[in-house]
There are 2 protein chains.
Amino acid sequence: MSTSAPKRSPRGQGHLLRDEILEVTASLMSTVDNADDVSVRAIADAVGKTVPALYQHFGDKSELLTAAAEHALNTMGAEVDAQVASETDIDRRLRARARAFVEFATQHPVPYRHLFMSSPGAAGTTDTIDLMMESVGFSKMVSDLTEARQAGLMIDEDPERVALVLWTAVHGVASLFISHPDLDWPDDLLERVLDQHAFGLVPRS
Amino acid sequence: MSTSAPKRSPRGQGHLLRDEILEVTASLMSTVDNADDVSVRAIADAVGKTVPALYQHFGDKSELLTAAAEHALNTMGAEVDAQVASETDIDRRLRARARAFVEFATQHPVPYRHLFMSSPGAAGTTDTIDLMMESVGFSKMVSDLTEARQAGLMIDEDPERVALVLWTAVHGVASLFISHPDLDWPDDLLERVLDQHAFGLVPRS
DNA sequence: ACTGCTAAGTTAACGTCGATAACTTATCGC
DNA sequence: GCGATAAGTTATCGACGTTAACTTAGCAGT
């Protein structure tokens, strides 16, 4: 074999390993039920290094898992935006975003659960939740709602607060789908939840 | 010391240990962040027996934790009912139940998360979720809604389905409170969510 | 070209965990 | 009393997260 993997990174390039760790960890997450089930030994094996090498980049396992989960969900924003881009109508766009959100969450349950459904200590500090929300399109939802209010389509209220209420309900749907996927939830559960909130947001015509 | 703990249960009374294990485990759950953080060794120490003794009553740790979490939440039904009993108006009773539900869930986050927010495998089989729902007052909510429909207070729809939509949203609130208690959620987040659903349930006067 | 510094790793080990096979002993029907 | 067996214990296993101590490769300065 002419292609031999370099045994060590060049002097200033140790940080390259960090990105590889994140990517490998994120991909290992899709093979287990809980983020914690990914062992640091499995990660080390997958990146071709030994365990202590990981601890030069992350203080402990929890920090590594949180960073990897955020890394995994950062692709979420782009995917959701892509699915939403074609919708011009604001109401339809809000619904499309909610649908794409739930779909992505159920397809990536492990990082989603680790960030949004695990114990307070495990999912990072208060600082990081803002980034989580961003990665998940929360701010885009707020601007949609702001636009809706300016167009007179929404009762006059703080869009951020309305968005939080709406996101809370959508998260409820995603959370149940993720934790109990084998239950036969009604196909239109999300749509029904959205209907309820649409009634509040947009006065019935 | 005259009071000496019996070293062994009588012949047919081995099953008494099971209840003690459940109670001890449930109480240990309130001292940790995740149900899994309760070690079988800690449980064995607390009940004054050795680890393998536990495995005569539960197939594995997950089974033990799920049973203990259900045991803990079974007290939930009674507490919620007590808080709801005084309300005679149906709309107020539904709201009171939702409030009591969220309050109880946030006060007992570990068993709640283990049953409703953990990975599919960890929280028991499809069979057990019905019991979970019961313990949490789901059926009571359905009868309230049925009563509401009979009184003409609700749009004519399957109460069970409406209850599921409502419960989903309420669960969303509880889920977020539990996972990120340090965020400054709006005080009226739950009320807002309930408002949205009340509009759907009860036609505006 | 040598040398010293230090980043980028490895080796080896510790304590804790869930789980189980093999063994002991107290209780109870006869 | 005496087996049978329920109710435990002892001892041990492999896997896990974490860390101290060590090694070695890359680079700057002379």
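We name chains A, B, ... by the order of the sequence lines, and we start the count at 1 in each one.
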- Task: Rounded to the nearest angstrom, tell me the gap between atom CG in B:L54 and atom C1' in C:dT20.
- Result: 13 Å
- Can you find a pair of side-chain heavy atoms, one from B:Q83 and one from B:F104, that are under 4.5 Å apart? no
- Note on the structure: Numerically ordered, the residues 40-48 of chain B set in heavy-atom contact under 4.0 Å with DNA chain C is B:V40, B:R41
- Closest nucleotide among C:dA19, D:dG8, C:dT10 to the A:A53 side chain: C:dT10
- Note on the structure: Per nearest nucleotide of DNA chain D, the residue lying toward the 5' end, A:G59 or A:D37, is A:D37
- Atom NZ of B:K49 to atom P of D:dT10: distance rounded to whole Å? 13 Å
- Atom NZ of A:K61 to atom P of D:dA15: distance rounded to whole Å? 15 Å
- Query: Between C:dA8 atom P and A:R18 atom CZ, what is the distance in whole Å?
  - Reply: 14 Å
- Message: Is the shortest side-chain heavy-atom distance between A:T146 and A:V142 below 4.5 Å?
- Response: yes
- Message: Could you check whether any side-chain N or O of A:H180 sits under 3.5 Å from a backbone N or O of A:L176, counting only pairs where one atom can act as donor and the other as acceptor?
- Response: no
- Please state how far atom CG in A:L64 lies from atom P in D:dC16, giving the value in whole angstrom units. 15 Å
- Do B:R8 and C:dT25 share a donor-acceptor pair, side chain to base, under 3.5 Å? yes
- Nearest-angstrom distance from the residue atom CG of A:N34 to P of D:dC16: 15 Å
- Check the angle between the aromatic planes of B:F177 and B:W185 and answer parallel, tilted or perpendicular using the 30° and 60° thresholds. tilted
- Note on the structure: On a heavy-atom basis, the closest approach of B:G172 and A:H171 is O-CD2, 3.8 Å
- Message: Once you measure the plane-to-plane angle for B:Y112 and B:F116, does it fall in the parallel (<30°), tilted (30-60°) or perpendicular (>60°) bin?
- Response: tilted
- Query: For A:D89, does the CG atom sit with more than 12 other heavy atoms under 6.0 Å from it, leaving out its own atoms?
  - Reply: yes
- Note on the structure: Taken to the nearest whole Å, CD/B:Q56 to P/C:dA21 is 13 Å
- Query: Base, sugar-phosphate, or nothing for A:T50, non-hydrogen atoms under 4.0 angstrom?
  - Reply: base
- Between A:Y55 (OH) and C:dG9 (P), how many Å, whole number? 17 Å
